Peer 1: 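First the structure, which I've put down as structure tokens, then a few questions once you've had a look.
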Amino acid sequence: MRLRDNTRFYPTSHRNPCPLCKDISGDCRTTQGDLILCHSYINSNSGLAGYKYIRPSGNGVWGVHIPDNSTEFDREQYEQNKELREAQERDKAAFLREHALDADGRDKAIRKIARKVGLSKRDRQSLKARGLTDEMIENGLFFTIEPYKTYYFDLPDNLPGIKKVNGGWQFATKDTGYACVIFDKEGRANGWQLRLHGVTEGNKYKWAKSNFSSKLPNGEL
């Protein structure tokens with residue numbers, strides 16, 4: 001089976017989980033058609049009814065799967081796959097904990113972002129309308145977040161909220177807004193929440209996340 005050149009793939013997310021392994025991190029891909037690229041089942045069938053494994057993708061990153069109503073549930077293979085996935089998730093969680101950026105590293109990186117990225121005129125006016133002075137804004141390390149804009153100054157790969165792209169980095173979000181930096185009791189910048197533009201009700205703030213979560217090595221936010 002050959003993939004069409006114009007096939008559009010969508011990374012998995014909370015709103016678009018992988019039908020096979022339930023991934024929501026973006027490791028898998030789905031289409032509006034009938035193809036699934038699964039990062040968990042690269043070289044084997046999932047064991048789930050209604051899905052058929054075809055082959056690994058050309059780059060070996062995913063397994064290509066398609067719906068197939070003739071396939072039946074394979075309990076033995078499903079349980080084996082489940083145990084393997086759970087072990088992989090434990091290994092991944094342990095790796096992220098062991099390699100999480102410490103508080104001093106986060107403080108240094110976030111202060112660099114605030115200095116280099118800065119705050120747009122629109123966002124500065126919005127903060128002033130809330131009663132903040134220029135001094136309070138500078139001390140608060142507010143900065144504007146634009147998705148898909150690439151920056152080319154050095155940051156640690158394991159800083160939550162960013163992703164590496166073509167030799168630079170971008171904010172790991174599809175939303176625009178400004179960062180409200182969170183400080184610990186020692187005054188170190190530990191992370192930020194994105195204040196969304198144009199949202200007046202519901203969840204107006206989102207934690208900065210990427211492959212590395214907002215949690216510190218000890219598991220605390």
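As the structure is a prediction and not an experimental result, all values here were calculated from the model. All values below come from the heavy atoms of this structure, side chains included, with hydrogens, waters and symmetry mates left out.
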Peer 1: Mind checking what makes ring-ring contact (aromatic ring centres under 6.0 Å, His included) contact with Phe142, not counting sequence neighbours?
Peer 2: none
Peer 1: Check Ala179 against Ile145 and note the closest heavy-atom contact, atom names and distance.
Peer 2: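 In this case the closest contact between Ala179 and Ile145 is CB-CD1, 3.9 Å.
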Peer 1: Please round to the nearest 0.5 Å and tell me the distance separating atom NE2 of His197 and atom CD of Glu146.
Peer 2: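 The distance works out to 9.0 Å.
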Peer 1: For the atom pair CG (Leu132) and CG (Leu127), what is the distance rounded to the nearest 0.5 Å?
Peer 2: 5.5 Å
Peer 1: With a 4.0 Å cut-off on N to O distance, would you call Lys108 and Asp104 a salt bridge?
Peer 2: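 Salt bridge: no.
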Peer 1: Please report the C-alpha distance between Trp207 and Ile182 in whole Å, then the side-chain angles of each, then the deciding distance to 0.1 Å, and finally whether the side chain to side chain contact (heavy atoms under 4.5 Å, CB included) criterion is met.
Peer 2: CA-CA 10 Å; Trp207 278 104; Ile182 309 301; 3.8 Å; yes
Peer 1: Please round to the nearest 0.5 Å and tell me the distance separating atom CH2 of Trp169 and atom NZ of Lys149.
Peer 2: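 It is 10.0 Å, given to the nearest 0.5 Å.
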Peer 1: Just list the side-chain donor-acceptor pairs under 3.5 Å for residues 14-21, sequence neighbours left out, or say none.
Peer 2:
from  : atom 1 : to    : atom 2 : distance (Å)
Asn16 : OD1    : Thr30 : OG1    : 3.3
Asn16 : ND2    : Pro11 : O      : 3.3
Asn16 : ND2    : Thr30 : OG1    : 3.0

Peer 1: Side-chain contact test, heavy atoms from C-beta onward, threshold under 4.5 Å: evaluate it for Tyr51 versus Cys38 and give yes or no.
Peer 2: no
Peer 1: Test your reading of the model: is there a side-chain donor-acceptor pair from Ser57 to the backbone of Trp62, 3.5 Å cut-off?
Peer 2: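 Checked: pair present.
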Peer 1: According to salt bridge (Lys or Arg N to Asp or Glu O under 4.0 Å), who are the partners of Asp123, at least two apart in sequence or on a separate chain?
Peer 2: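 Salt bridge (Lys or Arg N to Asp or Glu O under 4.0 Å) check on Asp123 returns nothing, list empty.
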Peer 1: Any link between Leu37 and Ile24 through a network of hydrophobic side chains (Ile, Leu, Val, Met, Phe, Trp, Tyr) touching at under 4.5 Å?
Peer 2: no
Peer 1: Find the distance between CZ (Phe9) and CD1 (Ile36) and round it off to the nearest 0.5 Å.
Peer 2: 11.0 Å
Peer 1: Within the side chain of Arg106, is there an N or O that forms a donor-acceptor pair under 3.5 Å with the backbone of Leu101?
Peer 2: yes
Peer 1: With a 4.5 Å heavy-atom cut-off, do Pro160 and Lys209 have their side chains touching?
Peer 2: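 No, their side chains stay 4.5 Å or more apart.
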Peer 1: Picking from Asn43, Val61, Val64, what satisfies side-chain contact (heavy atoms from CB on, under 4.5 Å) with Pro56?
Peer 2: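 Testing each of Asn43, Val61, Val64 against Pro56, the sole residue satisfying side-chain contact (heavy atoms from CB on, under 4.5 Å) is Asn43.
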Peer 1: Which pair of heavy atoms, one from Cys180 and one from Tyr205, lies closest together, and at what distance?
Peer 2: SG-CE2, 3.9 Å
Peer 1: Run Leu48 and Tyr41 through side chain to side chain contact (heavy atoms under 4.5 Å, CB included) and show every step you take.
Peer 2: CA-CA 11 Å; Leu48 292 173; Tyr41 301 115; 5.7 Å; no
Peer 1: To check you understand the geometry: which heavy-atom pair defines the closest contact between Asp175 and Lys206, and what is its length?
Peer 2: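 Taking every non-hydrogen atom into account, OD2-NZ, 2.9 Å.
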Peer 1: Between Glu138 and Arg124, is the closest basic N to carboxylate O distance under 4.0 Å?
Peer 2: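 Result for this pair is yes, salt bridge flagged.
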Peer 1: Taking Arg29 for the side chain and Gly26 for the main chain, is one N or O donor matched with an acceptor at less than 3.5 Å?
Peer 2: yes
Peer 1: Donor-acceptor check, side chain of Thr144 to backbone of Leu119, threshold 3.5 angstrom: yes or no?
Peer 2: no
Peer 1: Can you tell me if CG on Asn69 sees more than 12 non-hydrogen neighbours from other groups inside 6.0 Å?
Peer 2: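 No, the 6.0 Å shell around CG holds no more than 12 heavy atoms from other groups.
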Peer 1: Quick one: are Leu194 and Phe171 in side-chain contact, heavy atoms under 4.5 Å?
Peer 2: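 Not touching, per the 4.5 Å side-chain cut-off.
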Peer 1: Begin from the C-alpha positions of Arg115 and Phe143 and carry the test side chain to side chain contact (heavy atoms under 4.5 Å, CB included) through to its verdict.
Peer 2: CA-CA 8 Å; Arg115 185 173 66 253; Phe143 54 87; over 6 Å; no
Peer 1: Do Val165 and Val117 share a hydrophobic cluster, counting only Ile, Leu, Val, Met, Phe, Trp and Tyr and linking them when any side-chain heavy atoms are less than 4.5 Å apart?
Peer 2: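 No; tracing contacts between hydrophobic side chains, which count when under 4.5 Å, never links both residues.
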Peer 1: Tell me whether Asp154 at atom CG has more than 12 heavy atoms from other residues, nucleotides or ligands lying less than 6.0 Å away.
Peer 2: no
Peer 1: How close do Tyr53 and Ile42 get, heavy atom to heavy atom, and via which atoms?
Peer 2: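 Result for this residue pair: OH-O, 2.9 Å.
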Peer 1: Under the criterion side chain to side chain contact (heavy atoms under 4.5 Å, CB included), I'd like the reasoning laid out for Phe183 against Leu141: C-alpha separation, chi angles, the key distance, then a yes or no.
Peer 2: CA-CA 10 Å; Phe183 298 89; Leu141 304 181; 3.8 Å; yes
Peer 1: If I compare all heavy atoms of Ser46 with all of His65, which pair ends up nearest, and what's the gap?
Peer 2: N-CE1, 4.4 Å
Peer 1: Check for a donor-acceptor pair, side chain of Asp107 on one end and backbone N or O of Ala189 on the other, with a separation under 3.5 Å.
Peer 2: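 Confirmed, Asp107 side chain pairs with Ala189 backbone.
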Peer 1: Looking only at heavy atoms, what is the nearest atom pair of Pro156 and Ile162, with distance?
Peer 2: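 Looking at all heavy atoms of both residues, the shortest contact is O-CD1, 3.6 Å.
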Peer 1: Would you give the length of the straight line joining atom CD1 of Ile54 to atom CG of Asp68, rounded to the nearest 0.5 angstrom?
Peer 2: 8.0 Å
Peer 1: Does Ile137 share a hydrophobic cluster with Tyr178, counting links as ILVMFWY side-chain heavy atoms below 4.5 Å and allowing steps through other members?
Peer 2: yes
Peer 1: What is the distance from atom CG of Leu35 to atom CD1 of Ile66, rounded to the nearest 0.5 Å?
Peer 2: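 Spacing of CG (Leu35) from CD1 (Ile66) equals 7.5 Å.
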Peer 1: Does Lys116 have more than 12 heavy atoms from other residues, nucleotides or ligands lying within 6.0 Å of its NZ?
Peer 2: no
